[in-house]
Amino acid sequence: MPSDAEAPVKLSLPLEFQQDIFNELREQDELVLLARGLGLLRIVTNLLHSYDAAGNNLILLVGADDRENVWIGEALAEHAAVSTAPKCRGLSLVNTDLMSVGTREKMYAQGGIFSITSRILIVDFLSGLLNPETVTGLMVLHAERVVATSLEAFILRIYRQKNKAGFLKAFSDTPEPFTTGFAPLTNMMKNLFLQKPALYPRFHVAVANSLEGRKKAEVIELEVPMTEAMQDIQNAVLACVEASISELKKANPGLEVDDWTVDSALHKNFDQIIRRQLDPVWHRTTFKTRQVVRDLSLLRTILHALLTYDAVNFNKYLDTVLAASQPPPGSTKQNQSPWLFLDAADTIFTTAKRRVYTGKASNAELANAPNAVPEALQPVLEEFPKWNQLAEILQEIEQDAYFNPTPQDSSNGCILIMCGDQGTASQLREYLQTMYVKPEGVADDDDDDDDEYEPSARFMMRRKLRNYLTWKRDFSKVSAALFSENQKAINTSTDRNVQSGMRQTSGKPPPNKRRRVRGGGNTAAGPARSDTGAVRTAGDRDAHIASLMAELEPTEIESAQKPGEVGFDPLDNMESYYELFNMDSLVVVHPYSGDLDEHILDETKPRYVIMYEPDAAFIRRIEVYRSSHADRTVKVFFMYYGGSVEEQRYLSTVRREKDAFTRLIKERANMALILNSTANLAPEESFLRTINTRIAGGGRLAATAEPPRVVVDVREFRSSLPSLLHGRSIVIVPCMLTVGDYVLTPQICIERKSIRDLIQSFTNGRLFNQVESMMEHYKHPMLLIEFDQNKSFTLEPFTDFSASSSNTSGLASAPDLQGKIVMLTLAFPRLRIIWSSSPYQTAEIFSELKKQQEEPDPLKAVQIGLDPNQSGDEMRSFNQTSQDMLRALPGVNENVVTTLMLKTQSIKEVADMEEEELRKLVGTDVGRKIYRFFNRSVHDEVRQQSLT
């Protein structure tokens with residue numbers, strides 16, 4: 001109706017480049033590749049709202065994660081309220097298998113916008129629950145994940161095969177994956193079934209004009225010098241990284257090692273890149289090479305910890321690294337990491353200790369003074385230079401707010417401090433609360449005016465040192481246990497498991513006298529990253545509970561504090577204690593959290609933003625925020641350590657993104673245009689499928705218009721195999737199968753196992769039950785063992801893993817993977833094993849197996865295993881134990897077993913048969929042996945032995 005089409009839709013796209021992208025997307029299908037931080041989700045939500053307001057739509061959103069679903073859902077609700085569009089329905093989530101089929105069918109029939117997981121959508125498409133022809137359009141987030149074998153590519157292929165008219169839009173803000181491989185952009189466009197890519201880097205003319213044309217945000221860049229000790233440690237760690245990389249290059253001369261540089265090693269995915277390159281030859285790499293690969297991840301974590309953990313906790317973390325790398329007392333096993341023997345490693349450990357204290361304390365002194373610093377130690381307690389800089393910035397902001405109390409804009413007087421993670425947020429929160437508290441032992445006579453006391457972290461650091469000394473006293477007792485428990489974990493540590501450990505917080509620290517401090521989002525409430533950075537030790541439970549109790553006893557300063565100020569929220573009299581924060585006197589400490597940072601800026605409306613750690617995407621978000629709100633002034637303080645890996649990583653990230661966009665622009669200029677991307681989707685030449693053209697040898701000539709069909713278990717859609725089978729023009733029928741994973745024909749059933757699944761299935765015994773079910777109901781049960789395409793086609797590395805996990809050695813050790821497979825084939829002689837080097841080869845094998853065969857019945861495949869009355873065919877519905885007993889009889893082979901099973905009811909009947917009857921059934925010789933076996937007297941046997 002024209003009135004509906006002309007209904008006004010209010011959008012929130014204030015910037016020119018955002019409006020350009022929106023208009024392009026409304027006119028045509030394309031892939032939008034946007035630089036990080038330029039508001040991709042805002043464009044997506046506005047586009048969805050424009051379709052939502054029109055009504056009568058069924059739009060699917062694929063690839064959104066949970067946080068993006070929350071964002072988009074809230075934004076669509078706000079847009080609907082502002083536009084007052086009566087047809088708006090908002091976002092509906094379809095993200096769980098618990099949602100019944102009937103519910104989903106009703107929701108699809110009603111229409112609307114659905115954010116749906118790929119696994120549910122592909123099953124609904126294939127099962128006919130959702131007809132692709134009824135879909136108005138499809139929008140794909142995180143387009144960089146759509147590779148040829150992904151579920152998203154499978155979804156898009158089916159969508160375009162059945163629906164040529166619906167729109168298709170794809171979005172990404174990560175350009176780097178689009179630049180790896182041969183013609184990567186062309187391949188990605190082919191996977192997405194799109195023809196036009198739209199590239200919007202930060203240096204795009206429209207983006208630059210939008211962000212630089214209006215009043216820009218005031219940015220003050222603060223290069224904070226690192227302390228000499230921090231510089232020494234960083235140089236030493238980088239020396240260890242360089243030595244490790246050169247060791248890898250020497251050990252693996254045949255690999256592409258151009259990207260193996262110290263600069264690349266600073267990025268999170270470096271060890272993944274190396275592992276990916278080594279995967280095809282992983283079974284041939286030496287133990288030393290594997291150890292160096294694990295060590296690179298550990299060294300990068302140490303670099304990260306140097307700039308985020310305070311001096312005490314960094315030293316504590318290094319203690320755990322050292323203890324976990326050393327062999328237990330009395331062991332002759334030498335397997336320390338090579339970097340620990342370098343001079344640079346010694347520099348790391350000695351300098352880290354020197355940042356905390358000088359001198360040496362014995363365990364006896366530590367035991368005598370459980371909650372105090374021994375006299376033999378001279379505390380150094382080096383503070384982060386950024387802490388002092390942060391205090392100076394806050395004082396400057398305080399003065400600015402005092403002299404300019406009522407600026408003419410709509411910003412709050414709020415201060416937003418952005419940092420890297422939850423642990424840093426907690427650390428800053430504690431520092432801001434205690435930086436004006438004088439530690440015990442500092443004389444009060446020096447200056448009477450408390451305001452003149454310089455901000456310092458001494459109070460916090462002395463408390464951390466007391467905790468550390470108490471922890472160290474107990475740590476020596478458990479270091480041997482730590483080695484044995486965590487030898488594997490420490491070598492493969494990533495940023496995640498380094499951040500597990502004990503979080504020791506102060507009980508009731510005194511409040512900051514200037515401002516109230518609040519942890520934004522989950523900062524104040526959730527469990528923070530460990531101050532220790534230590535992997536969990538065996539002594540956590542007993543020794544550390546005692547030390548925590550001693551540490552949490554309030555000091556005099558804390559005892560004098562009035563209850564209810566900080567860290568104490570009584571639930572009675574809630575009105576007295578709970579109120580809305582005054583935004584003009586609020587400090588919000590929040591970790592970076594991707595696109596959600598836009599929400600933080602919009603909600604807090606800060607006048608001052610302090611970036612405690614550099615983040616390129618957040619700088620752009622501030623640019624977009626400032627350009628979008630002309631009535632809000634923002635002053636940004638941008639802090640980074642000069643000459644540090646933090647600065648290097650930031651510059652490297654910006655450079656890599658710029659290089660990626662430059663390469664994409666060049667490729668787009670020379671890209672081959674796929675004019676008819678749907679040509680190979682439904683090949684008409686396969687309409688008449690010839691099953692067998694050879695009549696000789698008893699063959700048959702038959703042609704059918706029915707396409708080949710495979711029944712697939714719905715749980716198998718996590719793998720890429722169904723997508724590849726569909727690509728070979730095979731119809732996929734998703735069902736909930738009880739027996740097997742793939743049913744190719746009425747006689748062939750296949751259980752697919754990746755190597756990881758195979759090991760787990762052998763461990764818990766599930767595989768034997770699965771094979772037994774297939775043996776009962778199908779004539780040709782098969783076990784498919786599928787290897788990863790990019791990994792070695794061999795069981796050797798998994799054999800090593802199985803053997804090393806056993807405590808015993810030699811012949812007494814548990815059977816390895818190959819031994820277990822042999823035992824499986826001995827237990828089930830009819831089982832066939834298919835070895836496949838990749839999913840591509842599996843699809844080819846399946847096509848070969850289906851030739852000259854009938855098509856499977858999906859209904860029957862589902863009923864098998866569910867209906868107890870539906871037993872297998874007469875040849876296969878026999879008790880496995882009875883068959884094994886018959887095979888154990890003398891002279892019995894497979895033919896004899898089959899004959900006896902068909903002609904008799906039980907083992908008892910066979911045992912009771914006369915010799916003549918047995919001879920008629922199975923022959924003279926075998927019949928005599930069976931009869932004598934069952935009728936031989938035990939007493940006669942004993943008597944004969946005694947006579948002889």
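This one's a predicted model, so the numbers in the text were calculated from it and none came from an experiment.
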Between Phe114 and Tyr108, does the ring centroid distance fall short of 6.0 Å?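 Yes - the distance between ring centres of Phe114 and Tyr108 falls below the 6.0 Å cut-off.
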Does [atom1] in [X] sit with more than 12 non-hydrogen atoms of other residues, nucleotides or ligands closer than 6.0 Å?
X: Lys666; atom1: NZ; answer: no
X: Arg668; atom1: CZ; answer: yes
X: Asp66; atom1: CG; answer: no

Determine whether [X] and [Y] make a side-chain contact, defined as any pair of heavy atoms from C-beta on separated by less than 4.5 Å.
X: Pro746; Y: Tyr778; result: no
X: Ile72; Y: Leu48; result: yes
X: Leu156; Y: Asn191; result: no
X: Leu767; Y: Asn769; result: no

Contacts of Ser719 that satisfy side chain to side chain donor-acceptor pair (under 3.5 Å) - sequence neighbours left out: none
Starting at [atom1] of [X], measure out to [atom2] of [Y] and round the result to the nearest 0.5 Å.
X: Ser837; Y: Glu786; atom1: OG; atom2: CD; result: 9.0 Å
X: Phe125; Y: His726; atom1: CZ; atom2: NE2; result: 11.0 Å
X: Glu30; Y: Leu192; atom1: CD; atom2: CG; result: 12.0 Å
X: Ile750; Y: Thr842; atom1: CD1; atom2: OG1; result: 9.0 Å
X: Ile120; Y: Arg104; atom1: CD1; atom2: CZ; result: 5.5 Å

Taking Ser297 for the side chain and Val293 for the main chain, is one N or O donor matched with an acceptor at less than 3.5 Å? no
Tell me if a side-chain donor or acceptor on Lys850 pairs with a main-chain N or O of Leu744 at a distance below 3.5 Å. yes
Between Lys169 and Asp29, is a salt bridge (Lys or Arg N to Asp or Glu O under 4.0 Å) present by the stated rule, with each step listed? CA-CA 5 Å; Lys169 327 279 186 192; Asp29 293 350; 3.4 Å; yes
Dump the intermediate steps for salt bridge (Lys or Arg N to Asp or Glu O under 4.0 Å) on Arg67 and Asp65, then the final yes or no. CA-CA 6 Å; Arg67 294 198 310 172; Asp65 59 33; 5.4 Å; no
Before accepting this row, confirm whether a basic side-chain N of the pair [X]/[Y] lies closer than 4.0 Å to the acidic partner's carboxylate O.
X: Arg36; Y: Glu176; value: yes
X: Glu751; Y: Lys753; value: yes
X: Asp295; Y: Arg300; value: no
X: Glu152; Y: Arg145; value: no

Tell me whether the rings of Phe828 and Phe768 are parallel (<30°), tilted (30 to 60°) or perpendicular (>60°). tilted
Using the six-membered ring wherever Trp is involved, compare the ring planes of Phe154 and Phe717 and label them parallel, tilted or perpendicular (cut-offs 30° and 60°).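 The arrangement is parallel - the two ring planes meet at less than 30°.
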With no hydrogens and no angle check, do the side chains of Glu144 and Ser172 hold a donor and an acceptor under 3.5 Å apart? yes
Report the residue from Leu40, Leu199, Asp173 that forms a side-chain contact (heavy atoms from CB on, under 4.5 Å) with Leu33.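 So, applying the side-chain contact (heavy atoms from CB on, under 4.5 Å) to Leu33 and each of Leu40, Leu199, Asp173, only Leu199 qualifies.
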